[in-house]
2 protein chains.
Amino acid sequence: MSGRRKGPSTTREEILDAAREVFADRGVDGTTREIAQRAGVDPAMIAHYFGSKGGLFDAVTALRIDPADVIAPVLEARPEDAARRLVAQLITVWDAHASVISVMVRSATRNKVVAGQMRAFILERAVRPVVTRFSPDPDPEQIEVRAALVASQVAGLLLTRYVLRWEPLASADPDWVVDHIAPTVQAYLTGPLPSRPSAS
Amino acid sequence: MSGRRKGPSTTREEILDAAREVFADRGVDGTTREIAQRAGVDPAMIAHYFGSKGGLFDAVTALRIDPADVIAPVLEARPEDAARRLVAQLITVWDAHASVISVMVRSATRNKVVAGQMRAFILERAVRPVVTRFSPDPDPEQIEVRAALVASQVAGLLLTRYVLRWEPLASADPDWVVDHIAPTVQAYLTGPLPSRPSAS
């Protein structure tokens, strides 16, 4: 820094960087004091820019991405290309925000509010509209089943590629992931379902 | 308790129950003091029975199950039944230990030691031996790819059924889950892989 005072936008970015690291390490239990210390700022600056730890957490996990934008090109795909398009769009967004995604999944496993955000972001606002568009049967129960199955594969990709970082998925390039995962998602989207129709 | 002194095995179980709840709520950040308080025992009893928080955590997450026992019946299956057998065996074990499983996944997302245990338990000691047995091609790279794909679906089931509890997967009965998930796992185990062979 060589004596130059930090400008306001720099401070804000430094707090966000520090928060990303602390939340990644310790989830929502990371304290504003730790974050301020790591950012080298007074804790009052966190209150100034973000109001509270909750506001800071929201800022860190905010993807500033509308799931509707992400799936728009998917909804225009031919049915047989829908899964490739969906997986490609998700991977593009997730790869570009890998650290935020990782913090979100981590926190969602322990915090009901974040779990609700993740459910809304993935299941309700991305997967379900795609399933509704492409399911061969408009029966709502069937749509729920297909959406849960797609979500299970997609959530597994999130967990293993971005959080647990299991190879070869963690380092595989996006096209490779699409080639290998899309056939499963396509089967869940438009393939035949087992004849046992009820979930319980 | 009505004045009767707790016997040693009761105390141990009460500590384990309390630890399971505290770790479920707060992951590995739960303190021995909170656990002792919830169990209604002196913190010294935790040291007495488990040595340390690490020892207590190990006791809580120990499945006392050998993955080799879980997959033994899978290895004897006909190739076309392998995935059904594998998913059925995993669901049986996981349903019987749902709270431990949930604690393990939660903690694995934030703690490298637990993440290593989860990787060993699921990927290395359960999925990989099954893939090695049934992959149509013994090429080690292909086995790694198939194992990662199976693990991605299986990890997604863990996350959505036991941790995030997304319906209808969370409440679906085991046969239903096998019917719906096994075809994917079978394709990853024995089906053709996309022609792009390298992961990067």
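Remember, predicted model here, so these are calculated numbers, not experimental data. Only heavy atoms go into these numbers, but all of them, side chains included; no hydrogens, no water, no symmetry mates. Order of the sequence lines fixes the chain letters, A, B, ..., with proteins taken first and strands second; residue numbering starts at 1 for each chain.
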Please output the residues of residues 152-167 of chain B in contact with chain A, using a heavy-atom cutoff of under 4.5 Å, in numerical order.
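Residues in range: S152(B), Q153(B), A155(B), G156(B), L157(B), L159(B), T160(B), V163(B), L164(B), W166(B), E167(B).
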Please tabulate, for the side chains in residues 69-80 of chain A, all donor-acceptor contacts under 3.5 angstrom to protein atoms that are two or more places apart in sequence or on a different chain.
| residue | atom | partner | partner atom | Å |
| --- | --- | --- | --- | --- |
| R78(A) | NE | D81(A) | OD2 | 3.1 |
| R78(A) | NH2 | D81(A) | OD2 | 2.8 |

With a 4.5 angstrom heavy-atom cut-off, is it the side chain or the backbone of A187(B) that approaches chain A, or both, or neither?
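No part of A187(B) comes within 4.5 Å of chain A.
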How many angstroms lie between CD1 in I181(A) and CG in L149(B), if you round to the nearest 0.5 Å?
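If we round to the nearest 0.5 Å, I181(A):CD1 and L149(B):CG are 5.0 Å apart.
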Chain B neighbours within residues 124-136 of chain A, where any heavy atom lies under 4.5 Å away:
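Expected list: none.
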Looking at residues at least two apart in the chain, or sitting in another chain, which of them share a side-chain hydrogen bond (donor to acceptor under 3.5 Å, both in side chains) with Q37(B)?
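Expected list: none.
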